[in-house]
There are 2 protein chains.
Amino acid sequence: MEQLTDATIAAWTGLMRTSRVLLERVETALKSAGFPPLSWYDVLLEIEMAGAEGLRPYELTDKLLLPQYGTSRLLERIVKAGLIERVACAEDRRGQVLRLTEAGRRMRRRMWPVYARALGALVEDRLDEGEARQLAALLNRLRGGEQGPGDP
Amino acid sequence: MEQLTDATIAAWTGLMRTSRVLLERVETALKSAGFPPLSWYDVLLEIEMAGAEGLRPYELTDKLLLPQYGTSRLLERIVKAGLIERVACAEDRRGQVLRLTEAGRRMRRRMWPVYARALGALVEDRLDEGEARQLAALLNRLRGGEQGPGDP
DNA sequence: GAAATATACATGCATTTGCATCTATTTTGT
DNA sequence: ACAAAATAGATGCAAATGCATGTATATTTC
């Protein structure tokens, strides 16, 4: 029942297993270097890339595909660690603007080499550039054709 | 610093985003049909496929790539729901053997159409068979060449 | 064959996640 | 301008996860 090709099943299980395994390895690399989880890196990077205007939490929710409460709590922890700060938002008094602290900027910079080394070993050493590009293309199609841009 | 090609970055972010989005949609499909999470399906299927000899928890841990305590607790819940039962293991008194109950077998059968429909919409409708096969191949290479077999 | 080591599984405790709902403000419709 | 609806964000509570460690049995080593 429910005809699905073997190829579909193989793609799905490959996706589930591979993403879990690689993510776990990246997390392990960060943790064993004494760094916080990858999600913190994502937050720090997005805020840094947002530049001088800062970033609103709801924008982060969109970019990182997190549930709203997930963003709220993640930010709470990162703020508590002193890596970002919330500033009241001038043009919307419900909201806030996120900014990196100096410690946050430093943390992001220090995490990157560990992250990059892991990606080098896990991805770049295993796929040549053409393959990586093809994989990315297939994954993007799977995700539903075309969405907003994406960054590391 | 830390040269990584754009293709590597694109493959990595594609992998993270796509796996999260698709998994979330599958989970949503199951939940809104009134079913338990996908991990329950995985457990039920593995036990069913193990056949008459049943399956040991540590084997499940290997197959599903779960941490040991994760398996222990997942099984606890599924047992409590009456879908599987633990039987004392004859040849290793530390261990146990898992078996499906009739309700477990039924549950797995009833979940499959929902699961399959989701995979049809998310994977099969978006990639033709050749693309799916290629995606699976690339993902398997990423996961570290060749491991044991894998099933849905 | 006794002691050391390894394996199977469980569990207490802290952290994280999910869900539903709450408050405050902004936007919309009339 | 005001009521209704939508949006930004927080939070209480329950469930799930991670981590370290515990207990029991098996296996290895000397």
Q. Which parts of residues 84-93 of chain B get close to DNA chain C, meaning a heavy atom less than 4.0 angstrom away?
A. B:Arg86
Q. Out of B:Leu135, B:Leu139, B:Leu23, which residue meets the side-chain contact (heavy atoms from CB on, under 4.5 Å) rule with A:Leu15?
A. B:Leu139
Q: Indicate, with a heavy-atom threshold strictly under 4.0 Å, whether B:Gly70 touches base, sugar-phosphate, or nothing.
A: nothing
Q) Base, sugar-phosphate alone, or nothing: which one does A:Gln96 contact when heavy atoms must sit under 4.0 Å apart? A) sugar-phosphate
Q | Any B:Arg77 side-chain N or O less than 4.0 Å from OP1/OP2 of D:dA16 | A | yes
Q | chain A contact limits on DNA chain C, taken 5' to 3' with a cut-off of 4.0 angstrom to heavy atoms | A | C:dT16 to C:dT26
**Q.** D:dA10 base / A:Glu76 side chain donor-acceptor hit below 3.5 Å
**A.** no
Q | Value in whole Å for how far the C1' atom of D:dG22 lies from OH of B:Tyr69 | A | 16 Å
(Q) Looking at D:dG18, I'd like to know if its phosphate oxygens (OP1 or OP2) sit under 4.0 Å from a side-chain N or O belonging to A:Lys31. (A) no
(Q) Would you say A:Thr8 and B:Glu124 are linked by a side-chain donor-acceptor pair, where the criterion is simply a distance under 3.5 Å? (A) yes
Q | Interatomic distance where OH belongs to B:Tyr58 and C1' belongs to D:dT27 [whole Å] | A | 14 Å
Q) Roughly, in whole Å, what's the span from CG in A:Asp62 to P in D:dG9? A) 10 Å
Q. So with a 6.0 Å cut-off around CG of A:Asp6, is the heavy-atom count from everything else above 12?
A. no
Q: Give A:Arg56 one of three labels, base, sugar-phosphate or nothing, depending on what nucleic acid heavy atoms sit under 4.0 Å from its own.
A: sugar-phosphate
Q.
For A:Arg56 and A:Leu98: C-alpha separation, side-chain torsions, deciding distance, then whether side-chain contact (heavy atoms from CB on, under 4.5 Å) applies.
A. CA-CA 6 Å; A:Arg56 299 282 301 273; A:Leu98 305 169; over 6 Å; no
(Q) On DNA chain C, does the nearest nucleotide to A:Pro37 precede the nearest nucleotide to A:Arg94 from the 5' side, or the other way round? Give the residue. (A) A:Pro37
Q | Cluster overlap A:Leu4 with B:Leu22, hydrophobic side-chain contacts below 4.5 Å | A | yes
Q) Any chance CD of B:Glu76 has more than 12 other-residue heavy atoms, nucleotides or ligands included, within less than 6.0 Å? A) yes
Q: When you get a sec, tell me which of D:dT7, D:dG9, D:dG12 is the closest nucleotide to the side chain of A:Arg73?
A: D:dG12
Q: Assess whether side-chain contact (heavy atoms from CB on, under 4.5 Å) is satisfied between B:Met111 and B:Leu30, documenting all intermediate values.
A: CA-CA 7 Å; B:Met111 288 174 81; B:Leu30 288 171; 4.1 Å; yes
**Q.** Separation of atom CD in B:Gln68 from atom C1' in D:dT17, rounded to whole Å
**A.** 13 Å
**Q.** salt bridge (charged side-chain N to carboxylate O under 4.0 Å, His left out) partner of A:Glu48, the single match among A:Arg109, A:Arg108, A:Arg106
**A.** A:Arg108
Q.
What is the separation between atom CG on B:Leu66 and atom C1' on D:dA16, rounded to the nearest whole Å?
A. 13 Å
(Q) I'd like to know if the side chain of B:Thr101 pairs up with that of B:Glu85 as donor and acceptor (distance under 3.5 Å, no hydrogens or angles considered). (A) no
